[in-house]
Structures are given as C-alpha cells and as structure tokens.
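Structure first, commentary second.
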Amino acid sequence: MYRLKNEHSRKGIYRKHTYAERPIPASPTKETTPVATSQNNELPAASRNLTVNFLDVGQGDSILVKYDNKAMLIDAGEKDKGEVVSAYLKNQEISTLDYVVATHPHSDHIGGMVDILNSFKVEHFIDSGYPYTSKTYEDMLTTIDKKNIPFETPKRGDKINFAPGIDVQVLNPGSTYFTDDVNQNSVVLKVTDGKVTFLLMGDAGVEAENEIMKAGYNVNADIIKIGHHGSRTSSSTSFINAVSPAVSVIEVGAGNDYGHPHKETLDRLQKVSKVYRTDLDGTITITTDGSKYTVTTQKTEPREVNSMSSRSGAYSSTDSTATQKSEPTGSITSSSTESTVYVSDLSLKDEWVKVTNKGSSPVSLTGWKIGDDGSKHTYTFPSYTLNSGSTVTVYTGKGTSTATEVYWGSDSPIWNNDGDTAYLFENSGKLVSTLER
C-alpha cells in the first residue's frame with residue numbers, strides 16, 4: 001500500500017465525549033478530549049440549517065454536507081463523475097472543503113477524488129486507513145501527499161470537529177479492521193443537528209452493523225444512507241429495526257450490473273420508511289433546522305417533516321404499515337459467525353473464485369451455490385465434499401474437475417472486471433459468505 005509522507009497528528013481534529021441528549025459510550029481505548037472551535041461563533045447554531053445532499057453520480061456515492069460556511073464532501077463517485085461533483089460544488093459556491101471523507105477505497109467512491117483535490121482547497125482528509133492496492137487509490141494518496149493535506153484515519157467513537165452545534169461521530173471502523181473485506185471497514189458517520197440525525201453507512205455491511213451495535217452505540221436515526229447501494233449484504237433486519245429510520249436514501253445507478261438495490265433489502269426498508277433513490281429521484285437534498293427537515297429531489301415536490309412525528313408513519317411509503325413487520329434476526333449471516341466455509345479469494349480477470357473450509361471437519365458442498373452480484377449467474381456444486389483446511393477453486397470455463405478444482409462450464413466470462421461480488425449460499429439458500437473485488 002502507498003504510504004503517505006505527511007500523516008498528521010489526530011490532535012485538534014477529533015474529539016470524544018458523551019452527547020448530552022443521546023448518551024453514547026466513549027471508545028474504551030481513548031481519552032475524552034473536547035476540542036475547542038473558533039469558527040462560526042458569531043451566530044447561534046439554531047439560526048442555521050444543516051443541508052445534506054445525496055448527489056446522483058450513477059452507481060456510486062457522493063454526499064455533500066453543508067452548515068453555514070462549512071462543507072464536508074463524503075466520497076466522489078467513479079472517475080468520470082469527478083467533474084460532475086466538482087461542478088455541483090462550484091454551483092453551491094464552495095471553494096474550500098473543510099473535510100473530505102473517503103469511506104473506503106473502491107473506485108465507485110473515490111474515483112473522482114483526484115478531480116476534487118485538484119479543484120478545491122481541502123483542509124482535512126479522512127480515510128478508513130484500510131490497506132488497499134489499486135491505481136485509483138494510490139493516485140488519490142499521491143495527490144494528497146503532494147498537496148500536503150492533513151490526513152487522518154479515525155476510529156469508532158472519535159468525533160469530527162466539523163461545525164459548532166453539529167455532532168459528527170465515527171461509528172466505523174473499529175479499533176481493528178475486518179480482514180479481506182474493504183466494505184466492512186467503511187467509514188460510518190452519525191451526524192446530529194439538534195433532534196435530527198443522519199446515519200451515513202458508506203458500503204458497510206452486516207458484520208460492521210453488528211459490531212457497531214455490539215459496542216453499544218446508539219444507531220437510532222431519522223435518515224439513513226443505506227450501505228452498499230441497497231445490496232443484500234447490508235441493512236440486516238436487526239440493524240434497520242435499531243435505526244428505525246423515517247427516510248432511507250439509496251445511492252444507486254439506473255440499470256446497474258449488480259441488481260442494486262436488491263429486492264429483499266428494498267422490501268425491508270419500505271416496510272419502515274420512505275425510500276428515496278438517486279436512480280429514480282436524482283440528487284436528493286435534506287435540509288434541517290434541528291427540529292424538522294425537508295426532503296427535496298429533482299423529480300418530486302419538497303416535503304417538510306417534524307422529527308418527532310416522522311417516526312409515526314409520516315414518511316411511510318404507500319405499501320408500508322405504521323408498525324414494523326418482524327423478520328428473523330440475522331437472516332443475512334456471515335461466515336465468521338455461522339459457517340466455517342467462506343469465499344477466500346476472487347479473480348475477476350482470471351475468472352475464478354476460491355472457497356475455503358477453515359473448520360476442523362469436512363463439509364459437504366452438495367447443492368451449495370456461488371453467484372455473482374445480482375445473481376445473474378449461479379453455479380451449483382454437484383456431489384462434493386470440502387475437506388478440513390482445504391480450498392477449492394471454481395473456474396468459469398470448461399475443464400475436468402479434480403479434488404481441488406471444479407469448472408462452471410460457461411462459454412463466456414461471468415465476473416465483471418470493473419468490480420463484482422461473489423456470494424456463497426448453503427443448499428438451503430442461506431447466504432453464508434461474500435467477497436467483493
């Protein structure tokens with residue numbers, strides 16, 4: 001991984017304390033360190049509005065958070081969306097970004113970052129810090145280094161000193177990273193203005209959601225930016241119940257190759273909240289004075305919602321009910337909690353996926369399935385047993401299967417070289433493991 005030369009001290013940028021209205025435990029490994037701010041003291045916080053813009057950048061993420069003369073950009077879409085995001089910021093009369101956040105190093109989140117870094121003055125850059133090797137990520141880090149931009153890698157419980165009266169807490173990543181999964185290490189932010197709270201999930205999935213809740217953090221929020229574009233790998237029933245959102249925002253591209261948002265995720269969200277999607281609604285803007293908020297999209301009329309009444313169904317969609325329908329907790333599970341068999345590697349270019357049994361006993365994979373994102377292609381294991389500590393490689397093409405190699409039998413490529421996810425399902429249809437590349 002490219003290593004920055006100018007990694008700056010965290011002092012003065014992050015703080016940790018217990019929020020008065022909603023007690024949140026401080027991280028057990030850090031001291032509580034309030035940080036004084038000197039800007040924007042001329043007006044009381046209540047006289048300003050917080051605006052969160054969910055930009056339509058196709059199959060990717062980009063969020064602009066504004067308060068008074070402060071601006072924070074979270075992600076910048078794919079490389080070809082850098083100019084789009086820059087134009088949007090300039091139209092908002094922004095010349096300086098107080099914070100730029102790269103939730104994680106996948107190209108649909110950081111591809112446009114170099115354009116942003118070259119077009120605007122950036123005071124602070126926040127990154128997940130998870131090691132990753134790609135030209136897109138290294139180009140971004142090189143630009144940060146050349147411009148000597150302060151670079152920070154926050155951890156769960158840290159606070160971002162964005163603006164007086166606006167509480168920005170980091171809920172992910174934790175003190176240690178998830179291994180072999182970039183998405184699970186996404187920077188997750190909880191932004192609070194008075195009684196109105198936003199939860200911005202990056203591409204964090206079920207494992208990260210579970211860890212945040214396990215650590216005791218309050219995830220209840222009025223508005224949630226759904227993780228991973230509405231993929232089934234995020235937004236578990238237990239997590240969405242804990243968040244209890246009135247509004248769910250999905251940043252997703254029309255007709256994308258991954259089938260996002262997945263139907264089961266969309267169904268779950270529509271039962272408890274009003275769902276907005278950038279592929280259907282365009283750029284979505286939510287403005288709040290700390291007690292009520294207004295949702296405005298490019299294709300619908302603005303609506304004003306009181307933060308208290310919104311929890312009683314004011315934002316329910318036409319096919320939803322006021323009470324949440326109960327579903328089995330953990331209907332989406334990971335290999336780390338319930339299975340010793342998991343997807344251990346995936347080569348999009350060479351067209352193979354590896355499945356490993358890390359347990360102490362053989363596991364029958366007969367009837368198990370491997371699928372790509374959106375389940376456009378599915379391979380079903382024939383009669384096959386994966387021994388303890390062994391790995392089987394599933395090749396896309398045709399060939400003669402052996403004890404460690406099996407063949408899908410496809411005449412054409414299956415994996416999307418621009419990015420794809422391998423899903424492993426038990427013969428019951430239960431998802432046990434995913435791996436994104």
Side-chain angles (χ1 to χ4, degrees), residues 130-133 176-185 205-211 214 228 231-234 236 258 262 264 328-417 419-437:
Y130 182 73
Y132 193 72
T133 303
T176 58
Y177 292 114
F178 292 95
T179 58
D180 300 323
D181 196 330
V182 178
N183 289 336
Q184 302 290 358
N185 295 296
V206 173
E207 290 185 34
E209 294 168 359
N210 289 341
E211 285 299 311
K214 182 179 177 181
H228 201 189
S231 168
R232 61 174 64 92
T233 59
S234 302
S236 69
Y258 310 104
H262 290 147
E264 56 266 47
T329 299
S331 58
I332 301 175
T333 60
S334 67
S335 60
S336 64
T337 58
E338 301 230 358
S339 177
T340 61
V341 178
Y342 67 103
V343 180
S344 55
D345 203 356
L346 171 64
S347 174
L348 305 180
K349 180 180 178 182
D350 295 329
E351 291 282 331
W352 52 254
V353 57
K354 293 186 177 183
V355 177
T356 297
N357 178 8
K358 64 181 179 181
S360 57
S361 303
V363 174
S364 173
L365 298 187
T366 305
W368 286 44
K369 298 179 186 295
I370 293 175
D372 60 351
D373 218 336
S375 296
K376 297 183 294 296
H377 307 91
T378 303
Y379 170 78
T380 302
F381 280 93
S383 180
Y384 186 86
T385 297
L386 185 59
N387 291 326
S388 170
S390 297
T391 296
V392 60
T393 302
V394 181
Y395 292 95
T396 295
K398 297 179 179 180
T400 302
S401 296
T402 66
T404 58
E405 297 178 349
V406 297
Y407 291 83
W408 200 306
S410 175
D411 292 321
S412 58
I414 286 175
W415 304 106
N416 186 339
N417 284 357
D420 213 335
T421 301
Y423 297 87
L424 180 64
F425 300 89
E426 291 181 351
N427 55 10
S428 66
K430 180 180 181 181
L431 177 66
V432 295
S433 178
T434 66
L435 182 64
E436 179 171 345
R437 286 288 187 257

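Side-chain atoms are counted along with the backbone in the values below, which use heavy atoms only and exclude waters and symmetry mates.
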Counting distance only, does the side-chain N/O of [X] pair as donor-acceptor with the main-chain N or O of [Y] below 3.5 Å?
X	Y	value
Asp372	His377	yes
Tyr384	Ala403	yes
Asn357	Leu386	yes
Thr396	Glu351	yes
Ser231	Ser234	no

Which residue, Tyr395, Tyr379, Trp352, forms the ring pair (Phe, Tyr, Trp, His ring centres under 6.0 Å) with Tyr407?
-> Tyr395

Closest contact, heavy atoms only, Trp415 versus Thr421 |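 Looking at all heavy atoms of both residues, the closest pair is CZ3-O, 3.6 Å.
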
Any chance you could lay out the ring pair (Phe, Tyr, Trp, His ring centres under 6.0 Å) test for Trp368 and Phe381, step after step, and finish with the verdict?
-> CA-CA 5 Å; Trp368 286 44; Phe381 280 93; 7.7 Å; no

Contact between [X] and [Y] at the side-chain level, heavy atoms closer than 4.5 Å - yes or no?
X	Y	value
Tyr342	Val432	no
Glu436	Leu346	no
Val343	Val353	yes
Thr233	Asn183	no
Ile370	Leu424	yes

With [X] via side-chain hydrogen bond (donor to acceptor under 3.5 Å, both in side chains) - residues at least two apart:
X	result
Thr380	Lys369
Thr393	none
Asp420	none

So, using ring pair (Phe, Tyr, Trp, His ring centres under 6.0 Å) as the criterion, who are the partners of [X] when residues are at least two apart?
X	result
Phe178	none
His262	His260
Tyr423	none

Look up atom CG in Leu435 and atom NZ in Lys354, then write down how far apart they are to the nearest 0.5 Å.
-> 12.0 Å

dist Gln184:CD -> Glu211:CD (nearest 0.5 Å) comes out at 9.5 Å

